[in-house]
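First comes the structure, then the notes that go with it.
Throughout, protein chains are lettered first and strands after them, A, B, ... in sequence-line order, and every chain is numbered starting at 1. Keep in mind that what you see is a predicted model, and the values were worked out from it rather than measured.
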Amino acid sequence: MKISENHPFDLTPGEAIRLQETLRRQVRLAGDPGEVSLVAGTDASYARGSDEIHAVVVALRYPDLAVVERVAASIVTEFPYIPGLLSFREGPALLEAFRRLRSEPDVIFFDGQGIAHPRGLGIASHMGILLDRPTVGVAKSLLSGTAAEPGPDRGSTAPILRDTETIGMAVRTRARTKPVYVSVGHRIGLQAAVDLVLSTTRGYRLPEPTRQAHLYANEVRRGGGQTTLLPGGG
DNA sequence: GCGACAG
DNA sequence: ATCTTGTCGC
């Protein structure tokens with residue numbers, strides 16, 4: 001898909017923070033994806049000692065969640081992992097993967113925060129602005145704000161609060177399992193985001209788009225992105 | 001100054 | 001995120 005906006009990524013941490021404070025004003029915290037027929041999930045993986053990032057995007061049909069397209073991009077990064085600046089490390093690889101994606105997802109899930117971020121611009125919000133698409137942050141842990149423990153049943157939620165403001169929702173996607181932390185990325189409302197996360201979860205903690213992306217990202221890293229050849233040929 | 005700290 | 005086998009619980 002086409003990238004609607006662009007800006008340099010070869011920045012110092014200080015410059016990156018300044019850019020975040022500028023971009024945050026473009027985030028749209030409301031909106032309706034409308035009739036959703038395609039949902040995408042993204043993820044990135046890398047080997048311990050390597051700075052080569054393998055980013056992937058997986059598109060799934062909604063609501064049956066059949067995988068319809070998978071793309072990957074491997075890029076070397078110099079930007080280190082710094083809490084609050086994740087998108088400057090993984091963003092370039094993710095954007096390259098999106099350039100290779102032919103599908104046009106109605107909504108995209110990212111591994112990390114949306115606006116539940118110190119400067120209101122987690123990776124889901126940042127990428128959402130550049131892609132000009134509805135995006136949702138689905139994080140496995142909290143970066144900013146506090147949340148009460150949701151009830152034990154699947155579907156239970158508890159607001160993520162920063163002072164008195166609700167910046168996201170802790171969501172129990174599976175009974176007796178740690179919740180995930182959902183926040184608006186761009187061009188979608190929180191309730192719609194939470195509803196989509198729950199309606200795309202199938203028996204695991206993570207929603208299918210995110211889970212399939214995670215599996216594929218590891219596959220790409222281990223297999224070098226090459227087509228799998230079965231022993232013995234075929 | 002001391003912790004906390006998405007992936 | 002990644003390094004790693006088995007193991008406890010639903």
Side-chain angles (χ1 to χ4, degrees), chain A residues 9 13-14 16-17 20 23-24 27 41-58 72-95 97 108-129 135-147 151-154 156 160-163 167-186 193 197 202-207 209-224:
Chain A
F9 271 90
I17 287 174
Q20 288 182 322
L23 289 176
R24 69 179 301 178
V27 175
T42 75
D43 193 27
S45 76
Y46 27 90
R48 180 175 48 176
S50 171
D51 268 336
E52 182 178 26
I53 296 186
H54 307 280
V56 309
V57 180
V58 179
S74 299
I75 286 185
V76 172
T77 309
E78 302 128 51
F79 205 96
Y81 169 66
I82 299 173
L85 298 179
L86 176 65
S87 60
F88 290 89
R89 174 168 172 76
E90 301 188 347
L94 285 170
L95 291 172
I108 306 167
F109 290 179
F110 285 83
D111 220 347
Q113 317 294 341
I115 65 168
H117 175 281
R119 289 169 293 282
L121 198 84
I123 191 166
S125 299
H126 190 170
M127 295 298 106
I129 289 171
T135 62
V136 175
V138 183
K140 294 180 291 301
S141 63
L142 227 37
L143 172 65
S144 179
T146 59
D153 300 334
R154 164 179 158 75
S156 297
I160 300 171
L161 302 174
R162 189 171 56 202
D163 297 318
I167 58 175
M169 204 73 90
V171 180
R172 187 88 66 190
T173 50
R174 181 185 178 171
R176 298 175 303 280
T177 299
K178 303 293 299 174
V180 296
Y181 301 91
V182 178
S183 59
V184 169
H186 185 54
V197 166
R202 295 292 143 86
Y204 294 87
R205 181 192 181 205
L206 297 176
T210 301
R211 201 175 77 83
Q212 291 301 328
H214 193 281
L215 291 172
Y216 184 47
N218 282 318
E219 192 180 310
V220 168
R221 174 170 59 83
R222 292 173 11 202

Exercise. Between A:His54 and A:Ser74, does any side-chain donor sit less than 3.5 Å from a side-chain acceptor?
Worked result: yes
For this session: Check salt bridge (charged side-chain N to carboxylate O under 4.0 Å, His left out) between A:Lys178 and all other residues, then give those that pass, not counting sequence neighbours.
Result: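 With sequence neighbours excluded, A:Lys178 shows a salt bridge (charged side-chain N to carboxylate O under 4.0 Å, His left out) to no residue whatsoever.
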Seminar exercise, completed: By salt bridge (charged side-chain N to carboxylate O under 4.0 Å, His left out), A:Arg119 pairs with (sequence neighbours left out) none
Problem set entry | Pair pattern of DNA chain B in dot-bracket, where unpaired bases get dots and | marks partners in another strand, Watson-Crick or G-U under 3.5 angstrom | .......
Look at the side chain of [X] and the backbone N and O of [Y], then say whether any donor-acceptor pair between them is shorter than 3.5 Å.
X	Y	answer
A:Thr135	A:Ala124	yes
A:Arg89	A:Ile53	no
A:Arg162	A:His117	yes
A:Ser87	A:Leu85	no

For this session: Tell me the stems DNA chain C sits in, counting at least three consecutive Watson-Crick or G-U wobble pairs, each under 3.5 Å on both distances.
Result: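 Stems for DNA chain C, defined as runs of 3 or more consecutive pairs: none.
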Problem set entry | Shortest non-hydrogen contact from A:Gly114 toward A:Ser183 | N-OG, 2.7 Å
Problem set entry | Identified side-chain contact (heavy atoms from CB on, under 4.5 Å) partner of A:Gln113 from the options A:Ile160, A:Leu143, A:Val184, A:Ile123 |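 Option passing the side-chain contact (heavy atoms from CB on, under 4.5 Å) with A:Gln113: A:Leu143.
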Problem set entry | Under 4.0 angstrom between A:Asn218 side-chain N/O and C:dA1 OP1 or OP2 | no
Problem set entry | Short side-chain N/O contact from A:Arg221 to OP1 or OP2 of C:dA1, under 4.0 Å |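 No, outside the criterion.
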Exercise. Does the gap between the ring centers of A:His126 and A:Phe9 come in under 6.0 Å?
Worked result: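 Under 6.0 Å, so yes.
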Problem set entry | Sugar-phosphate or base contact per nucleotide [nucleotides 2-7 of chain B; S, B, -; heavy atom under 4.0 Å] | ---BBB
When you compare the protein's N or O atoms with those of nucleotides 7-10 of chain C, which come within less than 3.5 Å of each other, and at what distance?
unit_1, atom_1, unit_2, atom_2, d
C:dC10, O3', A:Arg176, NE, 3.1
C:dC10, O3', A:Arg176, NH2, 2.8

Exercise. Contact class for A:His126 (heavy atom, under 4.0 Å): base, sugar-phosphate, or nothing?
Worked result: nothing
